[in-house]
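Just passing along the structure, written as structure tokens.
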Amino acid sequence: MTRLIFLGAPGAGKGTQAKTLADLCEIPHISTGDILRNEVTQGTTLGIKAKSYQEGGELVPDHLILDMMRERLSQPDTKDGWILDGFPRNVTQAGFLDDLLKELEQKCDRVVNLDVPDEELVSRLLGRGRPDDTEEVIRRRLEVYREQTAPLIDYYRDRHQLVSIAGSRSMGEVTAAIQKAIDL
Ligand code: AMP
């Protein structure tokens, strides 16, 4: 049973590593960014509400995310574990997740923080070519990360759940370092 939260700045390789680890552990990779992009493409009510925030690099309002995650973490495939990628994104969401996990009688094992120097993030993001990866949006997403998401590093360090991994290495090396650190 593995339950992990992945933290990292945009461009740190969080999505790729979360997906790889989830495949290795045969558990769901739950990416709030992917879910939201899919809702936007499908033109659902949630997608219509989330679109402008996502396209501008802002966080989608908490209440929308919280409802979405309550629903996702209540699905039967989460019983054997999960990897959360992109959630929680601020301290309010982290508090909500604590309460939700208590309610679901689940416990997160570790929080994996991928550490990549700032100058590397922008070049990685520009090379990625996602529709919400224009230079202006990238700059804003990095700001939002620093202001709202980076405080989660201390939040989880204080709770002795944090594992920090140097992310400026090849994909395989980072995966191996994560596996070693979480003892899988
Ligand atoms: P990501 O794919 O994780 O980089 O997320 C892309 C975009 O989706 C973000 O810039 C936000 O607009 C939105 N998003 C993803 N996860 C969250 C979340 N937990 N809370 C609020 N907005 C989110």
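When a ligand or atom number is given, it counts from 1 through the structure's own listing order.
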- Short N/O distance, under 3.5 Å, between V60 and ligand 1?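 Yes, since at least one N or O of V60 sits under 3.5 Å from an N or O of ligand 1.
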- atom 20 (N) of ligand 1: the protein heavy-atom neighbour that sits closest, reported with distance to 0.1 Å: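 The protein heavy atom lying closest is Q93 NE2, 3.0 Å.
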- Taking only heavy atoms of G86 into account, list the atoms of ligand 1 that are under 4.0 Å away from them.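 Within the 4.0 Å cut-off of G86, ligand 1 contributes 16 (N), 17 (C), 18 (C), 19 (N).
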- What protein heavy atom sits nearest atom 9 (C) of ligand 1, and how far off is it?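 Here the closest protein heavy atom is R89 NH2, 3.5 Å.
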- Message: Counting non-hydrogen protein atoms only, what is the nearest one to atom 12 (O) of ligand 1? Give residue, atom name and distance.
- Response: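 Checked against all protein heavy atoms, atom 12 (O) of ligand 1 sits closest to E58 O, 2.6 Å.
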- Query: ligand 1 and R141, any nitrogen or oxygen pair closer than 3.5 angstrom?
  - Reply: yes
- Hey, which of D34, L84, D23 is the one that makes side-chain contact (heavy atoms from CB on, under 4.5 Å) with H29? D34
- Message: With a 4.0 Å cut-off on N to O distance, would you call K19 and D85 a salt bridge?
- Response: no
- Message: Any heavy atom of R37 closer to ligand 1 than 4.0 angstrom?
- Response: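 The answer is yes, since R37 has a heavy atom less than 4.0 Å from ligand 1.
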- Are R3 and D80 ion-paired here, with the side-chain N under 4.0 Å from a carboxylate O?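 The answer is no: the pair does not qualify as a salt bridge.
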- Message: Just to be sure I'm reading this right: ignoring hydrogens, which of V144, T32, L64 gets closest to atom 16 (N) of ligand 1? Compare them by their nearest heavy atoms.
- Response: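 Going through V144, T32, L64 one by one, T32 has the nearest heavy atom to atom 16 (N) of ligand 1.
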- Query: Does the side chain of E58 pick up a donor-acceptor pair with the side chain of Q54 at under 3.5 Å?
  - Reply: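 No donor-acceptor contact under 3.5 Å links the two side chains.
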- Query: Is G57 close to ligand 1, meaning an N/O of one under 3.5 Å from an N/O of the other?
  - Reply: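 In this structure, G57 places no N or O atom under 3.5 Å from an N or O of ligand 1.
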- Task: Test I65 against every option in L36, I35, L59, N90 by the side-chain contact (heavy atoms from CB on, under 4.5 Å) rule and name the one that passes.
- Result: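 Considering L36, I35, L59, N90, a side-chain contact (heavy atoms from CB on, under 4.5 Å) with I65 is found only for L36.
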- Query: What do we get for I65 next to ligand 1 when only non-hydrogen atoms under 4.0 Å count, side chain, backbone, both or neither?
  - Reply: side chain
- Task: Among all protein heavy atoms, pick the one closest to atom 13 (C) of ligand 1 and tell me residue, atom and distance.
- Result: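 Ranking protein heavy atoms by distance from atom 13 (C) of ligand 1, first comes L36 CD1, 3.7 Å.
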- Message: Pairing donors with acceptors under 3.5 angstrom, does anything connect the side chains of S170 and E173?
- Response: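 Short answer, yes.
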Using distance only, find each side-chain donor-acceptor pair of residues 91-98 under 3.5 Å and give its atom names and separation, not counting sequence neighbours.
from : atom 1 : to   : atom 2 : distance (Å)
Q93  : OE1    : R89  : N      : 2.9
Q93  : NE2    : D62  : OD1    : 2.9
D98  : OD1    : R159 : NH2    : 3.1
D98  : OD2    : Y155 : OH     : 2.5
D98  : OD2    : R159 : NH1    : 3.1
D98  : OD2    : R159 : NH2    : 3.4

- Query: Excluding sequence neighbours, so at least two apart, what forms side chain to side chain donor-acceptor pair (under 3.5 Å) with D99?
  - Reply: none
- Query: Which residue supplies the protein heavy atom nearest to atom 8 (O) of ligand 1, what is that atom called, and how far is it?
  - Reply: Q54 NE2, 2.9 Å
